[in-house]
A.B. asks: 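Quick one: the structure is below, and I'll ask about it shortly.
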There are 2 protein chains.
Amino acid sequence: MTQTSSHEATAESPNTAEQSTPSRRELNKAATRSSIASAALDLLRSNGPGNFTVEDIAASAGVSRRTFFNYFPSLEAALASVADGFMDHALEQFRLRPAEESILESAQAALMALADPMSVAPMAELFSLTQDNRQLARSELEAWEHCTAQIIDAARSRLGAGISELYLHALAGSVISCGKAAMTVWFIERGPDLSQESLAVLRQHLIDAMGLLGGGFAPPSNAFSTAASASPSVPTTKDRF
Amino acid sequence: MTQTSSHEATAESPNTAEQSTPSRRELNKAATRSSIASAALDLLRSNGPGNFTVEDIAASAGVSRRTFFNYFPSLEAALASVADGFMDHALEQFRLRPAEESILESAQAALMALADPMSVAPMAELFSLTQDNRQLARSELEAWEHCTAQIIDAARSRLGAGISELYLHALAGSVISCGKAAMTVWFIERGPDLSQESLAVLRQHLIDAMGLLGGGFAPPSNAFSTAASASPSVPTTKDRF
DNA sequence: GTGCAAACTTGCACTTAGTGTAAGTATGTG
DNA sequence: CACATACTTACACTAAGTGCAAGTTTGCAC
């Protein structure tokens with residue numbers, strides 16, 4: 001989670017190289033952090049949302065309550081770090097796409113990269129465990145929002161600073177909304193089912209949602225048929241995977 | 001805010017009529033509620049975000065701390081009730097649109113209705129006072145999310161239950177994202193400026209954002225010129241206001 | 001390795017959010 | 001007027017989140 005970095009004590013690695021020497025300290029910190037996060041996830045699994053406290057997580061992770069708060073600003077943030085990992089992965093994929101590709105294509109490709117079991121499993125689990133809890137749902141909204149902001153930045157640097165801010169904001173927001181919609185609908189239909197068949201459905205939903213967006217949400221009667229043909233810049237992509 | 005209704009004690013008015021006799025009780029409750037909300041807004045104005053407590057609000061509204069929590073589940077919710085009023089207004093407009101109109105057109109029309117000073121003033125103020133506070137920003141996200149859910153319902157009942165859920169979710173989410181984008185960009189550009197000129201800018205942003213959406217976010221080089229021509233179902237609407 | 005400074009952890013004390021409960025006060029009804 | 005119901009309030013309690021100061025670990029120089 002990028003926003004929690006401000007709560008960590010280390011500023012930057014002392015060596016000018018980027019990741020040559022992770023240094024004992026950083027390794028320890030990373031270990032502690034992930035141990036807290038997975039303790040939180042375990043408790044979410046076993047006790048259900050709302051039925052455990054920060055103290056429980058800290059005890060289960062073998063640290064003090066105070067240390068928990070040195071790593072995460074709230075209980076929800078600890079759980080949201082799972083979603084953040086998922087989205088960081090997506091953003092990485094997005095930024096790796098060739099600059100000449102359209103934003104929608106890049107977004108679609110990036111989202112595709114998430115429909116594999118390894119990436120989507122923790123996210124799907126969070127989704128399922130989170131559904132009925134207000135606090136947790138909020139954190140998830142925040143994670144999506146954070147992701148939107150990142151896309152805006154990435155798209156701006158790709159398209160040049162001259163591009164309309166409204167275009168950037170509306171596009172990034174819509175892309176995220178469509179990704180969110182695909183996951184939500186998938187989850188409603190399939191629950192936490194991570195089989196190949198189920199993931200194929202998710203993948204198709206992601207494709208369809210982007211197709212709808214690229215097609216300007218042509219009226220529903222022919223929504224799916226026109227979605228592909230009406231969007232020359234997003235050529236269906238269905239056959240690419 | 002619709003979701004706070006579960007925290008209120010009254011279930012339904014005793015008389016079968018809808019709003020004939022608001023009854024002393026309901027009047028008192030409404031008065032208390034709005035007095036709490038405006039006390040919260042006053043404190044936000046005078047002290048800035050994060051620099052006042054629920055106890056302060058309760059004292060300022062002349063009720064006990066406990067009563068505050070009988071009306072609102074959190075400090076943020078009290079402030080968010082302002083945004084909720086704004087969005088309820090928009091949803092009302094949306095639902096009043098003729099059924100044969102496209103969803104995008106209806107959404108655009110509904111959003112237009114909000115660009116008048118009376119509606120937008122409290123929202124803009126919240127926006128400005130809220131910008132740098134995490135908790136408050138979360139509540140606002142929640143309000144948008146709530147609004148999205150309402151649009152999904154409204155669109156489903158308009159388009160019939162046979163319509164694809166993915167279509168509904170993606171469309172509603174994108175519409176809201178575009179509305180949010182228009183407001184965000186407007187606010188970045190103009191700050192809390194509610195002059196006629198500034199509102200015209202907001203209006204134009206709302207139109208443009210919906211145009212972009214209807215046009216499938218045609219590549220930026222010709223984003224604005226093609227946005228209108230590429231969306232036959234959303235005929236610019238610029239000349240309607 | 002010895003020593004020292006910086007980073008990290010922890011316990012403690014404190015404020016505030018939020019909730020359950022039971023007793024009090026207002027409101028509507030016969 | 002009497003009575004039931006809705007609403008407010010005080011009180012007590014759990015838990016979130018933060019500041020601070022003392023302890024412990026790590027990195028680095030000698």
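Residue numbers start from 1 in every chain, and the chains themselves are labelled A, B, ... in the order their sequence lines are given, proteins ahead of strands.
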A.B. asks: Answer yes if the side chains of B:Arg33 and B:Ser81 hold a donor-acceptor pair under 3.5 Å, and no otherwise.
C.D. replies: no

A.B. asks: Rounded to whole angstrom units, what separation is found between the CG atom of B:Leu75 and the C1' atom of D:dG17?
C.D. replies: 15 Å

A.B. asks: Return the set of residues passing salt bridge (Lys or Arg N to Asp or Glu O under 4.0 Å) with B:Asp153 (not counting sequence neighbours), or none when no residue passes.
C.D. replies: B:Arg156

A.B. asks: Run the side chain to side chain donor-acceptor pair (under 3.5 Å) test against A:Arg66 and tell me which residues pass, sequence neighbours left out.
C.D. replies: A:Asn70

A.B. asks: Side chains of A:Leu171 and A:Leu104, heavy atoms from C-beta outward: is any pair under 4.5 Å?
C.D. replies: yes

A.B. asks: Send over the distance from B:Phe72 CZ to D:dT8 P, rounded to a whole Å.
C.D. replies: 12 Å

A.B. asks: Which residue pairs pass the ring-ring contact (aromatic ring centres under 6.0 Å, His included) test when at least one of the two sits in residues 26-46 of chain A, sequence neighbours left out?
C.D. replies: none

A.B. asks: Please give me every residue in residues 57-67 of chain B whose heavy atoms get under 4.0 Å of an atom in DNA chain D, ordered by residue number.
C.D. replies: B:Val63, B:Ser64, B:Arg66, B:Thr67

A.B. asks: For residues 116-124 of chain A, tabulate all N or O donor-acceptor pairs below 3.5 Å that involve a side-chain atom, not counting sequence neighbours.
C.D. replies:
| from | atom 1 | to | atom 2 | distance (Å) |
| --- | --- | --- | --- | --- |
| A:Asp116 | OD1 | A:Ser119 | OG | 2.9 |
| A:Asp116 | OD2 | A:Met118 | N | 3.4 |
| A:Ser119 | OG | A:His89 | ND1 | 3.2 |

A.B. asks: Got a sec, which residues hit salt bridge (Lys or Arg N to Asp or Glu O under 4.0 Å) with A:Glu92, two or more places apart in sequence or on another chain?
C.D. replies: none

A.B. asks: In whole angstrom, give the distance that lies between atom CG of B:Asn70 and atom P of C:dA17.
C.D. replies: 16 Å

A.B. asks: Without decimals, in angstroms, what is the distance between B:Lys29 NZ and D:dT5 P?
C.D. replies: 17 Å

A.B. asks: Over how many whole Å does the gap from B:Phe68 atom CZ to C:dT16 atom P extend?
C.D. replies: 15 Å

A.B. asks: Measuring to OP1 and OP2 of C:dC8, would you say a side-chain N or O of A:Tyr71 lies under 4.0 angstrom away?
C.D. replies: no

A.B. asks: Quick one, which residues of residues 34-55 of chain A touch DNA chain D with a heavy atom under 4.0 Å?
C.D. replies: A:Thr53, A:Val54

A.B. asks: Round to a whole Å and report the spacing from CG of B:Leu27 to P of D:dC7.
C.D. replies: 12 Å

A.B. asks: Given atom CZ of A:Phe69 and atom P of C:dT10, what is their separation to the nearest angstrom?
C.D. replies: 14 Å

A.B. asks: Ignoring backbone atoms, establish whether A:Asn28 has a side-chain N or O less than 4.0 Å from OP1 or OP2 of D:dT26.
C.D. replies: yes

A.B. asks: Listed by chain and number, what are the ring pair (Phe, Tyr, Trp, His ring centres under 6.0 Å) partners of B:Phe187, not counting sequence neighbours?
C.D. replies: B:Phe127

A.B. asks: Kindly write out the residues that satisfy side chain to side chain donor-acceptor pair (under 3.5 Å) with B:Thr67, not counting sequence neighbours, or none if the list is empty.
C.D. replies: B:Ser64

